[in-house]
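As structure tokens, the structure follows; a few thoughts come after it.
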Amino acid sequence: MKYNFKQIEKKWQKIWESKSLDWKAKDFGKNKIYILDMFPYPSGDGLHIGHIEGYTGSDILSRYFRMRGYNVLHPMGWDAFGLPAENYALKMKKNPMTFVPKNIENFKKQLKSIGFSFDWTHEINTTEPEYYKWTQWMFLKMFNLGLAYESEAPINFCPSCKTGLAREEVINGRCDRCKSETEIRYLKQWHLKITKYSDRLLDDLKELNWPESIKELQRNWVGKSAGYEIDFQLEDKSNKIKVFTTRVDTLYGVTFLVLAPEHPLSSKIARGDYYYITDKYLRNILSKSERDRMMSREITGVFTGNYAIHPMTGRRIPIWISEYVLHQYGTGAIMGVPAHDKRDYDFATKFHLPIEKVVQPENTFEKFSGENSVSVYEGFGKLKDSDEFSGLLSEDAIEQIGQKLIEKKFAQKNVYYKLRDWIFSRQRYWGEPIPIIKCQKCGNVPVQEKDLPVKLPKITNFRPTGTGESPLKKLKNWVNTKCPKCKCPAERETNTMPQWAGSCWYYLRFTDPSNKKEFANLSKLKYWLPVDVYIGGAEHAVLHLLYARFWHKVLYDLKLVPTKEPFFKLVNQGMILGEDNEKMSKSRGNVVSPDNIIKNFGADSLRMYEMFMGPFDSAKPWMTDGIKGIYRFLNNAFTLANKITRTHKHQIEEDKELLVALNKTIKKVGEDIENYKFNTAISQMMELIDLMRKKLGEKKLDKKHFETFLKLLFPFAPHITSEIWEQLGHNTLLDKENFPEYNKKYLINEEKIIIAQINGKRRLDLTFPAETPFEEIKTTIQKHPKIKAHLKGKRIKKTIFAGDKIINFVTN
RNA sequence: GCCCGGGUGGCGGAAUUGGUAUACGCGCAAGACUUAAAAUCUUGUGGUCGAAAGGCUGUGAGAGUUCGAGUCUCUCUCCGGGCACCA
């Protein structure tokens with residue numbers, strides 16, 4: 001019988017469909033595990049290779065843990081709001097409400113065609129009113145806490161998508177979605193106060209079992225720096241300039257101050273002849289676009305003709321204005337210490353300002369003593385030219401300087417973050433309406449809980465206006481309503497939420513997806529949370545993953561969720577690149593379609609090949625030729641099964657070699673699955689099947705051992721293994737079998753191979769019974785003619801016997 | 001510029017964490033089967049010298065620690081990703 005994967009896969013998918021309750025998570029019980037995938041946005045293009053990689057990983061885990069007797073929650077849902085769907089809708093001139101459900105159906109069909117064991121009884125969709133009712137509800141919780149607020153602010157606006165964007169959505173001055181250059185607009189926008197959680201978002205990272213690189217990205221994004229704010233009096237005492245620094249120890253090295261062009265003093269501070277040139281500089285800079293300013297690396301600046309007084313030395317310090325100082329960060333003014341900061345150094349060099357070294361780092365003395373050298377030093381060195389603080393500079397010494405400044409009222413401690421509040425309004429149609437009513441008298445009034453959800457109306461013209469208003473604004477009978485407070489005529493908020501809103505809490509809803517009274521029942525949340533394993537791409541490092549953590553913490557403070565953090569363990573699947581080793585993209589023409597692969601090799605081959613290509617978490621190029629190896633492996637398993645069916649009645653004596661290999665494989669496959677090392681688990685199974693084929697030829701293969709192998713393979717290739725299982729005469733599902741346990745007895749070697757080395761170079765290997773004592777091994781090996789030959793004329797200085805594996809003779 | 005990853009055969013990648021480098025797979029070569037091809041099976045496959053036995057050499061480059069380094073330390077270099085004038 002031939003391996004007819006088409007027929008087999010169809011057959012088993014049908015069987016699973018009818019018995020899908022087998023994958024249904026129980027609400028309570030021992031040994032829970034929550035295995036979550038980042039749910040997809042159901043695009044019209046359908047599943048791509050990258051989705052399948054992550055979902056196969058989680059499917060292997062889920063099937064494995066079910067076989068281990070765990071109560072597994074492995075759900076799937078749809079993140080269907082957002083710009084991609086809406087832009088597509090505009091192109092097709094169809095309302096997303098009509099085609100999103102079709103896309104979802106298609107996605108679901110595709111997922112089932114790959115044999116993923118999702119618990120479909122827990123399916124959710126962020127665009128359904130029963131779901132987004134709770135998204136709106138949570139927004140109102142934040143509103144009531146003052147965490148959601150409206151304010152007019154300069155924001156990044158995408159002229160093509162015609163909406164404001166969060167900082168996280170702007171990459172190098174371009175819209176993350178459509179790559180258009182963004183512009184700055186002043187718009188009244190809803191914000192979520194994520195900055196209030198900066199410290200906790202940083203600190204709680206410690207508890208998470210996440211890839212270090214993702215944690216680092218989040219740390220950098222929050223960007224905490226602690227330092228001092230120091231006041232510099234203007235020479236004429238008319239005002240003072242507050243600068244922020246993390247390096248008070250370099251205070252004596254200040255040779256100039258720099259203000260950002262937007263600093264309030266910049267336009268007022270110029271003196272005498274410098275007035276005109278300063279004014280010209282400011283007008284020039286402020287007329288440039290944000291992007292132009294960001295892109296240009298040219299050092300520009302202007303002297304204002306004004307001076308400040310150094311708080312410690314009383315020296316006159318010239319005040320400059322330059323665009324290299326950012327007004328959005330710190331105080332918008334810095335102290336220039338060219339000897340100890342690269343940027344200050346570049347500035348000083350360009351404008352011929354003095355450079356004074358005041359800190360002499362010990363570790364970098366060489367660099368420091370060179371001509372014109374600058375040192376951003378590691379560790380702390382000596383402070384020169386200061387009677388007050390000479391000697392070694394430690395962190396304590398820095399603290400002392402800071403303390404002194406604070407006493408003299410020149411300085412105060414402060415902490416700054418790069419993180420900004422999350423801009424939460426989108427002037428677009430396809431999102432959750434923000435549940436606020438704007439009343440002339442009462443201001444922003446929350447929609448009453450009983451009136452939730454505020455349903456998104458189905459309209460024909462949802463084209464964004466570009467005026468800063470949502471297309472919903474035109475819908476008078478939807479917009480006009482009554483103020484819940486004073487009952488006066490009022491208008492609805494017409495902005496919608498960003499696409500990230502629904503995904504901030506979907507993993508909570510999965511635990512209790514059809515609850516009509518609460519977003520999820522607390523006892524169910526207590527049972528399932530946190531998510532034990534969360535699998536998805538690294539591209540969400542500072543978007544979804546940061547937003548969701550923030551959102552979760554808000555709910556935690558309200559005692560609505562039981563854990564501080566949502567996702568305990570995070571695993572990033574590496575990106576699958578095209579055969580040309582480049583990112584897959586339509587424009588490059590290197591996209592691999594899963595449908596073709598399934599047609600030619602079957603879903604089991606596709607699943608296994610994606611797992612076999614390389615380490616789960618690293619990027620790897622696709623090679624269509626490579627899948628043949630997996631296909632051959634599955635074929636071999638299938639043919640072997642055919643032969644066993646015919647011959648299994650033979651009484652077979654136990655084969656030691658096979659048992660050792662089998663037990664080794666059981667151990668390795670189990671451990672590798674738990675460590676996401678699917679590629680090496682598969683190699684191990686390949687070795688085992690080769691041995692089994694050999695043993696079958698020698699009539700030494702017992703059917704039950706082959707069945708053990710099937711159980712190991714089942715999580716990876718569920719269709720073919722289920723089919724073989726049935727062919728071998730079982731009328732139960734392989735799903736219901738326990739994962740095999742290995743017997744330690746077979747893992748203990750009765751023999752050991754000793755490698756003999758001379759001066760670390762391998763010369764010989766010999767096999768000894770396991771209990772052979774060291775002395776005996778040593779003399780036997782020394783007597784061996786080969787070793788003798790190599791030792792001729794040399795004296796053994798030392799003999800090393802390591803790990804019962806290697807004996808090394810060191811000679812002179 | 002700064003912060004993370006990473007460089008191992010022709011290719012994708014293994015290596016029990018300091019102990020036989022190149023498992024497993026692809027590709028390639030030779031052979032078997034076939035009228036032939038495909039598929040399948042068997043054998044071989046880092047480089048180099050050698051008829052062979054065997055030797056030398058070999059994990060981006062250079063140094064160091066060690067009886068022993070792909071693995072640890074330092075310097076450099078190249079590739080991928082992220083942040084980007086964050087004081």
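Here is the naming used below: chain letters follow the sequence lines, and residue numbers restart at 1 for every chain.
Residues A/Ser225 and A/Tyr329 have side chains that bring a donor and an acceptor to within less than 3.5 angstrom of each other.
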Atom pairs, protein N/O to nucleotides 27-30 of chain B N/O, distance under 3.5 Å:
residue	atom	partner	partner atom	Å
B/G27	OP1	A/Lys628	NZ	3.1

Strictly under 3.5 Å: I want the nitrogen or oxygen pairs between protein and nucleotides 55-59 of chain B, one per line.
residue	atom	partner	partner atom	Å
B/C56	OP1	A/Arg763	NH2	3.2
B/C56	OP2	A/Arg763	NH1	3.2
B/U57	OP2	A/Lys761	NZ	3.1

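Atom CD1 of A/Ile214 and atom C1' of B/C4 are 10 Å apart (whole Å). Distance CG (A/Asn572) to P (B/G82): 13 Å, rounded to an integer number of Å. The interatomic distance linking A/His540 (NE2) with B/G81 (P) rounds to 18 Å, in whole Å. One atom, CG of A/Asp176, and another, P of B/C83, lie 9 Å apart when rounded to the nearest Å. With rounding to whole Å, A/Tyr631 atom OH is found 20 Å from B/C24 atom C1'. With rounding to whole Å, A/Tyr345 atom OH is found 18 Å from B/A87 atom C1'. The CG-P distance, from A/Asp344 to B/A87, rounds to 12 Å in whole Å. Following rounding to the nearest Å, A/Gln757 (CD) and B/U66 (P) show an atom-to-atom distance of 17 Å.
Among residues two or more places apart in sequence or in another chain, the ring pair (Phe, Tyr, Trp, His ring centres under 6.0 Å) test is passed with A/Phe709 by A/Phe706. For the ring pair (Phe, Tyr, Trp, His ring centres under 6.0 Å) test, residues two or more places apart in sequence or in another chain that qualify with A/Tyr324 are A/Phe347. Every residue was checked against the ring pair (Phe, Tyr, Trp, His ring centres under 6.0 Å) condition with A/Tyr742, not counting sequence neighbours, and none meets it. Listed by chain and number, the residues in a salt bridge (Lys or Arg N to Asp or Glu O under 4.0 Å) with A/Lys778 amount to none (sequence neighbours excluded). For A/Glu610, the side-chain contact (heavy atoms from CB on, under 4.5 Å) test picks out A/Ile49, A/Ile52, A/Glu53, A/Ile576, A/Leu606, A/Trp622, with sequence neighbours left out. Every residue two or more places apart in sequence or in another chain that forms a ring pair (Phe, Tyr, Trp, His ring centres under 6.0 Å) with A/Phe801 is listed here: A/Phe774. Qualifying side-chain hydrogen bond (donor to acceptor under 3.5 Å, both in side chains) partners for A/Lys413, counting only residues two or more places apart in sequence or in other chains: A/Glu399. The side-chain contact (heavy atoms from CB on, under 4.5 Å) test applied to A/Asp765 returns A/Ile753, A/Ile755, A/Arg762, not counting sequence neighbours.
Within 6.0 Å of atom NZ in A/Lys664, 12 or fewer heavy atoms from other residues, nucleotides or ligands are found, so the atom counts as exposed in its surroundings.
Of the candidate nucleotides B/A84, B/U20, B/C24, B/U20 has the atom nearest to the side chain of A/Asp765. Closest approach to the A/Arg693 side chain among B/A23, B/C41, B/G68 is made by B/C41 (side chain taken as heavy atoms from C-beta onward). Looking at the side chain of A/Glu687, the nearest of the listed nucleotides B/C83, B/A23, B/C67 is B/A23. Among the nucleotides B/C24, B/C67, B/U20, the one closest to the side chain of A/Ser683 is B/C24. For A/Val810, whose side chain is taken as the heavy atoms from C-beta onward, the closest listed nucleotide among B/C67, B/C83, B/C85 is B/C67. The side chain of A/Met686 sits closest to B/G25 out of B/G25, B/C67, B/C3.
Comparing B/U48 with B/G10, their P atoms are spaced 10 Å from each other, to the whole Å. The gap from the P atom of B/G68 to that of B/A15 amounts to 25 Å, rounded to the nearest Å. Between B/U59 and B/U20, the two P atoms lie 16 Å apart (nearest whole Å). Comparing B/A32 with B/C79, their P atoms are spaced 49 Å from each other, to the whole Å. Nucleotides B/C3 and B/A84 place their C1' atoms 11 Å apart, quoted to the nearest Å. If you take atom P in B/U22 and the same atom in B/G27, they sit 22 Å apart, rounded to whole Å. Spacing between B/C78 and B/G62 at atom C1', rounded to whole Å, works out to 15 Å. Distance check on atom P: B/G55 versus B/A39 gives 39 Å, rounded to whole Å.
Checking B/G5 for Watson-Crick or G-U wobble geometry (two distances, each under 3.5 Å) identifies B/C79 as its partner. Nucleotide B/G31 forms a pair with B/C41, judged by Watson-Crick or G-U wobble geometry with both contacts under 3.5 Å. Across every strand in view, B/U73 sits in a pair with B/A63 that passes the Watson-Crick or G-U test at under 3.5 angstrom. Under the Watson-Crick and G-U wobble criteria, each requiring two contacts below 3.5 Å, nucleotide B/A36 is left unpaired. Of all nucleotides present, only B/U57 satisfies the Watson-Crick or G-U wobble test against B/G46, with each distance under 3.5 Å.
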Got a list of side-chain donor-acceptor pairs under 3.5 Å for residues 630-637 of chain A, not counting sequence neighbours?
residue	atom	partner	partner atom	Å
A/Asn635	ND2	A/Tyr631	O	3.1
A/Asn636	ND2	A/Arg632	O	3.4

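Note on A/Leu217: only backbone sugar-phosphate atoms sit closer than 4.0 angstrom, heavy atoms only; bases stay farther off. Across all strands, A/Gln684 comes closer than 4.0 Å to no nucleic acid atom at all (heavy-atom distances). Across all strands, A/Asp690 comes closer than 4.0 Å only to sugar-phosphate atoms, never to a base (heavy-atom distances).
Between A/Thr245 and A/Ser213, the residue anchored closer to the 5' end of RNA chain B is A/Ser213, taking for each the nucleotide with the nearest heavy atom. Comparing A/Glu212 and A/Ile806 by the nucleotide of RNA chain B that holds the closest heavy atom to each, the one mapping nearer the 5' end is A/Glu212.
At least one test fails for A/Arg167 against the ring of A/Trp422: distance under 6.0 Å to the centre or angle within 45° of the axis.
Contact between A/Glu229 and A/Asn414 at its shortest, heavy atoms only, is OE2-ND2, 2.6 Å. Shortest non-hydrogen contact noted between A/Leu570 and A/Met38 is CD1-CE, 4.1 Å.
Close placement of the A/Phe244 and A/Tyr416 rings is indicated, their centers lying within 6.0 Å of each other.
Residue A/Asn636 places at least one side-chain N or O closer than 4.0 Å to OP1 or OP2 of B/C41.
Here B/G9 is in the syn range [glycosidic angle within 90° of 0]. Classified by its glycosidic torsion, B/U17 falls in the syn category, the angle being within 90° of 0.
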Each nucleotide in nucleotides 10-16 of chain B should get exactly one letter: B, S or -. Can you fill that in based on protein heavy atoms under 4.0 Å? -SBSSSB
